[in-house]
Novice: 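First the structure, which I've put down as structure tokens, then a few questions once you've had a look.
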Amino acid sequence: MKNILFALILLFSIVLNSQEKIYQGEKEKVNSLIHTKLKVDFNFEKSQLNGEAWITLTPYFYPTNKLVLDAKSFDIHQIKINNTKAEFNYSDNELTIDLDKTYKKGEEYIVYIKYTAKPEEVTQTGSKAISDAKGLYFIDPKDEDPNKPTQIWTQGETESSSCWFPTIDSPNQKTSQEIYMTVPNKFVTLSNGKLISQIVNSNETRTDYWKMDQKHAPYLFFMGVGEYSIIKDSWNEKEVNYYVEKEYEKEAMGIFGNTPEMMTFFSNITGIPYPWDKYSQIVVRDYVSGAMENTTAVVHAEDAQQRKGQLIDNNEWEGTIAHELFHHWFGDLVTTESWSNLTVNESFATYSVYLWLEHKYGKDKAHANMYNDIQTYLQSQSEDKDLVRFHYENREDMFDTVSYHKGNAILNMLRNFLGDDAFFKGMNTYLTEHKFGTAEAHELRLAYEKVSGKDLNWFFNQWYFGNGHIKINVTYDYNTINRTVTVNVNQQGKTFKFPLTIDVYEENVKNSYDVWVNNTQNSFTFSFNKLPKLINIDAKHILLAEIKDKKTIENYIYQYNNAPHYLDRRLAIEELSKHQQTNKEAFNTVIKAFNDPYYEIQILALENIDLFQKYNKKEVIAKVEKLAQNNTKTLVQAAAISVLGKLIDPIYKPLFERGINSESYSVIGNSLISLYQIDKVAGLHKVNSLNNDIKEHLSDAVTNIYISEMDKSQLPFIAKHVLKGMFLSENKRTQQLYGEAFKWISESDNKEAITNLTDDFVKLGSQYKKFNFDKMAINMLNQLVNIQQKSNHSNKNELILILKTGMSKLIE
């Protein structure tokens, strides 16, 4: 779940209150779910659900005459056991039912419950601003907001399905299901499994019957209701559908169209054909996270809906689509038995993005993705967290960069150690042995040991049941007489055991050595014929590690030109960019990267090129012009246009004006900013001529221009985008510019701007609550309250109410 822009994590690491963490093991299984049948309809006026549930169960092992179900904020109207009225007690979100007799293992019984679910009244004990606590969400249920469609959707993970139907809300339960959903005729519905029938009722409603015979965990149950266009696709004669808002109907295939190919690829690498009877994806408004892997009915946040101009540049949601699909093997088919073992679900789903990118687009794109994930982890200040954690304060704490990004990197190390054949066979063994059941990290280890014949306790103890990552300092001792070099690998802090690849380059010859590091200090001596041009540590860039070694400018130049990995080239360009003014060859190497085989390196070089130095200025600018006009990758075009814009030369005005007519939003945006830099009047005219929809999609460029103009009449627009500029941009000037705009809004009496800013805090705080952005958002909103309290604004009480309402939404 929730694979989305984790860049926010890099920018705020909030220290949680130190509280004693208790052991969090697998929930005891007293009764086992077998089947769940639901009949529901919706009270749009009250945002409530009227439901009937028939739950089939059996004792797990020991005989029992009691049943305890999770049922949060319900009105219970009637309960029967096998059609006989039952006694029950309902308190603290638990429903304790006296069975009609003592049942033994294997004896089935059916509990009938008639109830009303009241999600707006849900409180979950111990929750710390759990954004998905309500389980069932009504979006604009009374059709009062002209900017939002009326929708209903559910969010079960972690334990919020019990906010809309009674169940044993634990990941170690599995049940088949059937749901009858009655809705107004104008709406379509989506749920797990297949749509069996639709019956039109006499009161302008319709009852849709969804059924899934295969078992899955309660947190994966889903209902979606709204007005959608359904774009039909298929895979191996199975339905594949995309539910999007009608205005995105034409873009749906551009967004989701790779899904069938992904299904084939994932079926092949797991050795298990996609195991469910259909696959649907739906986009909803005001979603509490990025996406969720509800079995056969994946839900995506509205950011998944992109225009053609965005898709031409890059489908930003493709990784999320892959992530949620792969959960249908890791998470849905085989489910973590406890939230402590969450990484067994999430690390594989995160690693699937790497695997898909490697398959579809090549190693450079996959390596770039892995590098970004590792940086996210390294900068999250999470070294003290084990990958598998049996002690935590709240289950929501498990959804963090350790479970996702660190787990992803660890799987990549395991794959490298075992080799592809054993790695993928082990994956198949794990899934096959536990399909439609649950498992934990130990069983993953056993599967890989069974396949490979290797003992992997050392690996799992170190990486799954330990914390931290590799930190090494590398030094070199050259003996020119004996023609040897000794590579000293000194670990800092915790000592790890790991294989290490060292490549030694002599002119055009590369010698590769695989060694083992298992002590705090290790030294490895290699002979050479000619003094090495480069010694490349962790040459395959597999390790989850921070590596410090000293390289010369000449080493980096050689590295860019000879070492094959994406990171070799990236790190070389990053370092050489610092020396452009003083080293002509460093400068020329950065220019050479304009033609790198991978577009992100091209962009990196363009973003770092210094055109105000003394070398070959005209020739270099000519190369940038060519990229701006002819490069097949629009993101490279846009980067080149940005470089030319910084020259503030009127000669480029026609180029920028042509760029504004591009289909690519990145080209349009950078052309707008560049035009504004040389002709403010013309730039503003172009911005003001854009319709509101285009402005929203070009918000980076438009907001930048409005702020540069100090146009406070545009505060409402700026307020919707200022947080992104403050927290997501790595550019210091942009952060400063947007920070100043934030101050304008904070001190203003502009109700619309304060409302938009508050709404954005709530949106981001909810989506990134797992990474504690909700806490920072609450703190910042509280600061804004203090600013308004000290102001002389006539409407300050109204503004304070808006801010406090936003804080309440984040706390609830």
Novice: Taking the cut-offs as 6.0 angstrom to the six-membered ring centre and 45 degrees off its axis, would you call R206 and F187 a cation-pi pair?
Specialist: no
Novice: In this structure, which one of E249, Q151, K246 forms a side chain to side chain donor-acceptor pair (under 3.5 Å) with Y228?
Specialist: Q151
Novice: Out of Y279, F326, F265, which residue meets the ring pair (Phe, Tyr, Trp, His ring centres under 6.0 Å) rule with Y274?
Specialist: Y279
Novice: Is there a donor-acceptor pair under 3.5 Å between the side chain of Q173 and the backbone N or O of L33?
Specialist: yes
Novice: Taking A439's backbone N and O only, do any of them form a donor-acceptor pair with E337's side chain (distance below 3.5 Å, no angle check)?
Specialist: no
Novice: May I ask you to check whether H216 and F436 place their ring centres under 6.0 Å from each other?
Specialist: no
Novice: Quick check against the 3.5 Å criterion: does T175 have a side-chain atom that pairs as donor or acceptor with the backbone of T36?
Specialist: yes
Novice: So do E663 and I668 actually touch side chain to side chain, heavy atoms under 4.5 Å?
Specialist: no
Novice: When you look at D208 and Q198, which way does the side-chain hydrogen bond (donor to acceptor under 3.5 Å, both in side chains) test go after all the steps?
Specialist: CA-CA 5 Å; D208 291 355; Q198 294 182 299; 3.2 Å; yes
Novice: Are K695 and D693 ion-paired here, with the side-chain N under 4.0 Å from a carboxylate O?
Specialist: no
Novice: Identify whether the distance between the nearest side-chain nitrogen and carboxylate oxygen of K27 and D169 falls below 4.0 Å.
Specialist: no
Novice: So, the side chain of K278 versus the backbone of T296: is there a donor-acceptor pair under 3.5 Å, distance only?
Specialist: yes
Novice: Enter the distance from M370:CE to L411:CG here, rounded to the nearest 0.5 Å.
Specialist: 8.0 Å
Novice: For E247, is there an ion pair with K250 - N to carboxylate O distance below 4.0 angstrom?
Specialist: no
Novice: Check whether T336 reaches the backbone of W339 with its side chain - one donor and one acceptor, N or O, closer than 3.5 Å.
Specialist: no
Novice: Taking the side chain as everything from C-beta on, heavy atoms only, tell me whether F221 gets closer than 4.5 Å to Q177.
Specialist: yes
Novice: Does a side-chain N-to-carboxylate-O contact under 4.0 Å join D213 and K211?
Specialist: yes
Novice: Return yes if a side-chain donor-acceptor contact under 3.5 Å exists between T259 and Q281, otherwise no.
Specialist: yes
Novice: Tell me which one of F330, Y448, W329 satisfies ring pair (Phe, Tyr, Trp, His ring centres under 6.0 Å) with Y430.
Specialist: F330
Novice: Is it true that R415 and D420 have a side-chain N and a carboxylate O under 4.0 angstrom from each other?
Specialist: yes
Novice: Charged N to carboxylate O under 4.0 angstrom, R285 versus E245?
Specialist: yes
Novice: Should V298 and L325 count as side-chain neighbours, where that means a heavy-atom distance under 4.5 Å?
Specialist: no
Novice: Indicate yes or no: does K37 engage E178 in a salt bridge with an N to O separation below 4.0 Å.
Specialist: no
Novice: Of the options L311, I312, D313, which is the one that meets Y665 in a side chain to side chain contact (heavy atoms under 4.5 Å, CB included)?
Specialist: D313
Novice: Flag the pair K406 and D373 as a salt bridge only when some basic side-chain nitrogen lies within less than 4.0 angstrom of an acidic carboxylate oxygen.
Specialist: no
Novice: If you measure from OG1 on T205 to CG on D41, what distance do you get to the nearest 0.5 Å?
Specialist: 8.5 Å
Novice: Measuring from W210:CH2 to T189:OG1, what's the distance to the nearest 0.5 Å?
Specialist: 5.0 Å
Novice: Taking NZ, NE, NH1 and NH2 as the nitrogens, is one of them in K232 or E239 under 4.0 Å from a carboxylate oxygen of the other?
Specialist: no
Novice: Is there a donor-acceptor pair under 3.5 Å between the side chain of D400 and the backbone N or O of S403?
Specialist: yes
Novice: Could you check whether any side-chain heavy atom of E261 comes within less than 4.5 Å of a side-chain heavy atom of W356, counting everything from C-beta outward?
Specialist: yes
Novice: Within the distance-only criterion (no hydrogens, no angle test), does the side chain of E302 pair as donor or acceptor with the backbone N or O of D286 below 3.5 angstrom?
Specialist: yes
Novice: Should the pair R395-E159 be classified as a salt bridge under the 4.0 Å nitrogen-to-oxygen rule?
Specialist: yes
Novice: Quick one: does any side-chain atom of W54 pair with a main-chain N or O of L38 as donor and acceptor, under 3.5 Å?
Specialist: no
Novice: To the nearest 0.5 Å, how far apart are OH in Y242 and OG in S229?
Specialist: 14.5 Å
Novice: Determine yes or no for a side-chain-to-main-chain donor-acceptor pair under 3.5 angstrom, with H328 supplying the side chain and E324 the backbone.
Specialist: yes
Novice: Cation-pi check, K633 to Y599: give yes when NZ or CZ is under 6.0 Å from the six-membered ring centre and within 45° of the ring axis, no otherwise.
Specialist: yes
Novice: Between the side chain of N314 and the main-chain N/O of E316, is any donor-acceptor distance below 3.5 Å?
Specialist: no
Novice: Are any non-hydrogen side-chain atoms of N428 and L431 less than 4.5 angstrom apart?
Specialist: no
